[in-house]
Participant: 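Could you have a look at this structure, given as structure tokens, before my questions?
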Amino acid sequence: MEFRLLKRRRIVMTAIGQQLGLVLLLGLMVGCTSKKPDDGMVPVSGVVEVDGEPAVGVVIELHPPSKAPSLAKGITSEGGRFEISTLTQGDGVKPGTYDITFVWSEFNIVTRSQEGDRLNGRYAKPDQASIQWTVPDEESWDAGTIQLSSEK
């Protein structure tokens, strides 16, 4: 009798384990099929060129019209490519209109800080921004190629 009871418990535990495994598997499948997270963020990418050449190290900031501090930033990499990040790498921004600033400074290894602006401050102030983006509520948005000039 004790043997049958143990055997029945083992069968019940195996069935419960299989059901839990199936629930976990379905949860992973549902979580992995969504392309855009439910946080409302839109991944934004593009390319920055200065004087017709791809620029590495340009810092891009998106400033909301409310004049709240900018939390969305990106930095250009090889080929001038960038992704905008707000909370995590490449997560993008909430849909809306933003004033865009660009600063192309150099890192001083002695002072361990960014210095200067090879764009001569031309694109550095949000209240004087000549570039504005309206990020649509889509799965992602390509800002295209942004042409900047280093001339004063």
Side-chain angles (χ1 to χ4, degrees), residues 13-152:
M13 294 303 284
T14 301
I16 290 173
Q18 289 173 344
Q19 290 172 351
L20 284 174
L22 182 60
V23 167
L24 287 173
L25 180 62
L26 287 173
L28 284 173
M29 288 172 57
V30 169
C32 292
T33 58
S34 176
K35 292 183 181 178
K36 182 180 173 190
D38 287 339
D39 60 6
M41 303 294 268
V42 177
V44 174
S45 62
V47 173
V48 171
E49 291 184 354
V50 175
D51 301 327
E53 297 293 323
V56 176
V58 176
V59 175
I60 305 150
E61 288 191 43
L62 282 68
H63 303 270
S66 65
K67 306 302 178 207
S70 172
L71 299 176
K73 299 179 183 190
I75 187 165
T76 59
S77 61
E78 188 175 329
R81 288 183 294 280
F82 67 87
E83 290 183 335
I84 299 299
S85 304
T86 300
L87 302 173
T88 61
Q89 181 67 36
D91 64 347
V93 296
K94 298 274 186 185
T97 301
Y98 298 89
D99 291 322
I100 314 301
T101 59
F102 302 87
V103 175
W104 195 15
S105 58
E106 293 188 47
F107 185 72
N108 183 324
I109 59 171
V110 175
T111 63
R112 300 179 61 90
S113 63
Q114 297 293 126
E115 294 180 353
D117 182 2
R118 291 188 265 178
L119 300 171
N120 299 304
R122 186 174 188 181
Y123 308 96
K125 296 181 180 176
D127 59 337
Q128 297 174 356
S130 60
I131 298 176
Q132 192 176 65
W133 292 343
T134 299
V135 178
D137 188 7
E138 297 179 357
E139 280 192 30
S140 64
W141 185 66
D142 183 354
T145 300
I146 296 94
Q147 299 285 340
L148 304 177
S149 172
S150 63
E151 296 177 18
K152 284 189 176 185

Participant: List for me each residue that meets side chain to side chain contact (heavy atoms under 4.5 Å, CB included) alongside T134, sequence neighbours excluded, and say none if there are none.
Facilitator: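 Checked T134 against side chain to side chain contact (heavy atoms under 4.5 Å, CB included); matches are T97.
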Participant: Nearest 0.5 angstrom please: T76 OG1 to I146 CD1, how far?
Facilitator: 10.0 Å
Participant: Relative to the ring of F82, is the ring of W133 parallel (under 30°), tilted (30 to 60°) or perpendicular (over 60°)?
Facilitator: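 Parallel: the ring planes of W133 and F82 meet at under 30°.
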Participant: Among residues at least two apart in sequence or on other chains, which ones pass side chain to side chain contact (heavy atoms under 4.5 Å, CB included) with T88?
Facilitator: D91
Participant: For residues Y98 and Q132, report the shortest heavy-atom separation together with the two atoms involved.
Facilitator: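 Looking at all heavy atoms of both residues, the shortest contact is O-CG, 3.1 Å.
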Participant: Which donor-acceptor pairs under 3.5 Å do side chains of residues 121-130 form with protein atoms, sequence neighbours excluded?
Facilitator:
{"unit_1": "R122", "atom_1": "NH1", "unit_2": "S149", "atom_2": "OG", "d": "3.3"}
{"unit_1": "R122", "atom_1": "NH1", "unit_2": "E151", "atom_2": "O", "d": "3.1"}
{"unit_1": "Y123", "atom_1": "OH", "unit_2": "S149", "atom_2": "N", "d": "2.9"}

Participant: Under the side chain to side chain donor-acceptor pair (under 3.5 Å) test, which residues partner T101, sequence neighbours left out?
Facilitator: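 Partners of T101 by the side chain to side chain donor-acceptor pair (under 3.5 Å) criterion, ordered by chain and then number, come out as H63.
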Participant: Could you tell me the separation between the OG1 atom of T145 and the CZ atom of R81, rounded to the nearest 0.5 Å?
Facilitator: 11.0 Å
Participant: Starting at CD of Q89, measure out to CG of L87 and round the result to the nearest 0.5 Å.
Facilitator: 12.0 Å
Participant: Is the side chain of K94 donor-acceptor paired with the backbone N or O of D39 at a distance under 3.5 Å, no angle test?
Facilitator: yes
Participant: Could you pull out all residues at least two apart from S77 that satisfy side chain to side chain donor-acceptor pair (under 3.5 Å)?
Facilitator: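 With neighbours one apart ignored, the set is empty.
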Participant: Identify, with sequence neighbours excluded, every residue that meets side chain to side chain contact (heavy atoms under 4.5 Å, CB included) alongside I75.
Facilitator: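 Once residues adjacent in sequence are excluded, the partners of I75 under the side chain to side chain contact (heavy atoms under 4.5 Å, CB included) criterion are V59.
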Participant: Go through the steps for L148 and I131 under the test side chain to side chain contact (heavy atoms under 4.5 Å, CB included), then give the verdict.
Facilitator: CA-CA 10 Å; L148 304 177; I131 298 176; 3.8 Å; yes
Participant: Could you give the side-chain donor-acceptor pairs of residues 42-58 under 3.5 Å, partners two or more places apart or in another chain?
Facilitator:
{"unit_1": "E49", "atom_1": "OE1", "unit_2": "Q147", "atom_2": "NE2", "d": "2.8"}
{"unit_1": "D51", "atom_1": "OD1", "unit_2": "S150", "atom_2": "N", "d": "3.1"}
{"unit_1": "D51", "atom_1": "OD2", "unit_2": "S150", "atom_2": "OG", "d": "2.4"}

Participant: Could you tell me which residues satisfy side chain to side chain donor-acceptor pair (under 3.5 Å) with E106, sequence neighbours excluded, listed by chain and number?
Facilitator: none
Participant: How close do G116 and V103 get, heavy atom to heavy atom, and via which atoms?
Facilitator: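 Residues G116 and V103, closest heavy atoms: O-CG1, 4.4 Å.
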Participant: Test side chain to side chain contact (heavy atoms under 4.5 Å, CB included) on R112 and F107; report intermediate values, then the result.
Facilitator: CA-CA 7 Å; R112 300 179 61 90; F107 185 72; 4.2 Å; yes
Participant: Using the side chain to side chain donor-acceptor pair (under 3.5 Å) criterion, which residues pair with N120? Sequence neighbours excluded.
Facilitator: none
Participant: What residues, two or more places apart in sequence or in another chain, satisfy ring pair (Phe, Tyr, Trp, His ring centres under 6.0 Å) together with W104?
Facilitator: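 W104 satisfies ring pair (Phe, Tyr, Trp, His ring centres under 6.0 Å) with no residue once adjacent residues are dropped.
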